[in-house]
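Remarks on the structure that follows.
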There are 2 protein chains.
Amino acid sequence: MDEIDAAIVAHLQAHARQTNRDLAQAVGVAPSTCLERVRLLRDRGIITGFHAEVDLGALNRGVQALLHVQVRPLSRTVIEGFKAYAMGLPEVLSVFVVAGGDDFLVHVGVPGVDSLHAFLMDKFSGRREIAGFRSSVIYQHTRKAVIEPLDP
Amino acid sequence: MDEIDAAIVAHLQAHARQTNRDLAQAVGVAPSTCLERVRLLRDRGIITGFHAEVDLGALNRGVQALLHVQVRPLSRTVIEGFKAYAMGLPEVLSVFVVAGGDDFLVHVGVPGVDSLHAFLMDKFSGRREIAGFRSSVIYQHTRKAVIEPLDP
DNA sequence: AATGAAATCTAGTCCAC
DNA sequence: GTGGACTAGATTTCATT
């Protein structure tokens with residue numbers, strides 16, 4: 001992974017639909033070389049996919065929250081089970097399994113605060129493995145478009 | 001946003017580089033119609049962009065953590081200032097501004113636990129607006145590839 | 001608004017360097 | 001590993017329904 005690969009990766013993170021020609025010109029190689037490098041980056045698992053980003057409000061998910069969840073007992077079965085359960089819920093955007101005070105952080109997107117409350121009551125309360133949870137409404141979420149490699 | 005648009009949005013979230021022909025066939029319209037709908041979805045701000053997804057390990061970011069940060073005083077200046085500062089740090093992947101016990105959750109990706117410690121010491125300790133912070137190492141992070149619209 | 005055909009441009013392969 | 005030519009196929013425009 002030299003600096004040309006790094007430049008390709010950076011460009012594709014920002015604009016995945018850039019034509020191969022433009023990409024090649026932007027990073028300073030011939031189109032055929034660029035095409036081959038992109039193919040290798042995919043084969044090597046460095047680029048894992050290309051995805052459209054969607055406005056959450058347009059999907060009727062104007063309210064986001066992070067749910068801090070503690071489960072018990074802390075066994076592999078319970079942890080994997082809860083993770084699979086959470087990922088299966090349509091409201092859930094992503095699931096973090098974390099160390100520290102909480103066991104999970106569940107990122108959800110829902111139509112409104114009322115739906116958030118309903119979601120917690122209907123989908124979380126009453127599950128025996130959940131020892132406790134706490135919800136934090138998200139005022140803003142800013143994700144970096146381009147993630148660059150770090151120096152070792 | 002009818003069901004054809006919803007299907008287009010779902011397909012492009014999963015495979016942003018699908019050819020327009022295949023996409024059109026998958027959602028059951030003519031290629032020209034499909035192209036026009038995709039253009040409109042972009043113009044209306046429903047699709048906000050196309051991005052390549054990259055393996056964090058390949059970018060020398062094998063260790064991720066969530067940093068729970070409290071800042072004081074809770075003024076607009078301090079909050080916007082800290083957010084801008086955090087987003088400017090190369091280790092940071094995304095920043096959540098949240099309600100509840102913490103003010104920020106900062107998602108970072110670093111080469112190792114040692115770099116995480118160094119990051120906290122060098123970039124967080126000593127900043128006067130930071131009233132306290134706590135870090136949670138991320139064991140797993142699973143994001144949903146396709147986010148579907150929710151019913152109202 | 002959706003379609004089908006035609007013109008333009010691109011991807012992907014091959015070969016020479 | 002790189003760059004240029006070639007072919008098949010895709011994108012995109014436009015007249016038509």
Side-chain angles (χ1 to χ4, degrees), chain A residues 1-61 145-152, chain B residues 1-62 111 145-152:
Chain A
M1 173 119 177
D2 58 7
E3 57 192 6
I4 293 176
D5 282 336
I8 289 174
V9 166
H11 274 83
L12 287 179
Q13 282 185 86
H15 303 292
R17 283 202 147 187
Q18 214 173 15
T19 66
N20 184 60
R21 283 190 166 182
D22 292 347
L23 180 60
Q25 189 174 9
V27 303
V29 294
S32 57
T33 306
C34 187
L35 202 66
E36 174 71 359
R37 279 182 178 259
V38 172
R39 202 178 61 80
L40 287 173
L41 286 166
R42 298 198 66 172
D43 290 348
R44 286 154 64 196
I46 295 176
I47 293 176
T48 55
F50 298 96
H51 307 283
E53 192 176 15
V54 177
D55 178 64
L56 287 176
L59 298 180
N60 196 30
R61 294 167 179 274
V146 178
I147 302 168
E148 65 217 284
L150 289 185
D151 301 322
Chain B
M1 173 118 178
D2 59 6
E3 57 192 6
I4 294 177
D5 282 336
I8 290 174
V9 166
H11 273 82
L12 287 180
Q13 281 184 89
H15 303 292
R17 282 202 150 186
Q18 215 175 14
T19 66
N20 184 59
R21 278 190 166 184
D22 293 346
L23 180 61
Q25 189 174 6
V27 304
V29 294
S32 52
T33 307
C34 187
L35 201 68
E36 174 72 358
R37 279 183 179 258
V38 172
R39 203 180 61 80
L40 286 173
L41 286 167
R42 299 199 65 173
D43 290 349
R44 286 153 64 197
I46 294 175
I47 294 176
T48 55
F50 298 96
H51 306 282
E53 191 177 16
V54 178
D55 178 65
L56 287 176
L59 297 181
N60 197 29
R61 294 167 178 274
V146 177
I147 301 168
E148 65 217 284
L150 289 185
D151 300 324

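Order of the sequence lines sets the chain letters (A, B, ...), proteins ahead of strands, with each chain counted from 1. Computed from a prediction, not measured in an experiment: that's the story for all the values here.
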A:Thr19 near the nucleic acid: base, sugar-phosphate alone, or nothing, with a heavy-atom cut-off under 4.0 Å?
-> sugar-phosphate
Assess whether side-chain contact (heavy atoms from CB on, under 4.5 Å) is satisfied between B:Asn60 and A:Asp151, documenting all intermediate values.
-> CA-CA 7 Å; B:Asn60 197 29; A:Asp151 301 322; 5.8 Å; no
Does A:Ser32 get its side chain close enough to the base of C:dG12, under 3.5 Å, for a donor-acceptor pair?
-> no
Over all atoms of both residues, closest heavy-atom pair of A:Gln13 and B:His51 = O-ND1, 2.7 Å
Please tell me which of the listed nucleotides, C:dA11, C:dG4, D:dA10, lies nearest to the side chain of B:Ala30?
-> C:dG4
Which part of the nucleic acid, if any, lies within contact of B:Arg39, taking any heavy atom under 4.0 Å across all strands shown: a base, the sugar-phosphate backbone alone, or nothing?
-> nothing
A:Glu53 backbone acceptor or donor facing B:Thr48 side chain under 3.5 Å = yes
Salt-bridge contact A:Arg37-A:Asp2 (side-chain N to carboxylate O under 4.0 Å) = yes
To the nearest Å, how far apart are A:Leu40 CG and D:dT2 P?
-> 10 Å
Expressed in angstrom and rounded to an integer, what is the separation of B:Leu35 atom CG from C:dA7 atom P?
-> 19 Å
Between atom CG in B:Asp2 and atom P in C:dA1, what is the gap in whole Å?
-> 12 Å
Want to settle it: does A:Gln18 or B:Glu36 sit nearer the 5' end of DNA chain C, counting the closest nucleotide to each?
-> B:Glu36
When A:Val29 and A:Arg17 are each assigned the nearest nucleotide of DNA chain D, the 5'-most assignment goes to A:Val29
State whether A:Arg37 places a side-chain N or O below 4.0 Å from either non-bridging phosphate oxygen (OP1 or OP2) of D:dT2.
-> yes
Spacing of A:Asp22 atom CG relative to C:dT10 atom P, expressed in whole Å | 7 Å
Can you check the A:Leu23 CG to D:dG3 P distance for me, whole Å?
-> 14 Å
Could you tell me whether the side chain of A:Leu150 reaches within less than 4.5 Å of the side chain of B:Leu59, counting heavy atoms only?
-> no
Rounded interatomic separation in angstrom, taking CD1 from B:Ile4 and P from C:dA1 | 13 Å
Between P of C:dT3 and CZ of B:Arg21, the distance in whole Å = 15 Å
Check the distance between D:dT11's P and B:Phe50's CZ and give it to me in whole angstrom.
-> 12 Å
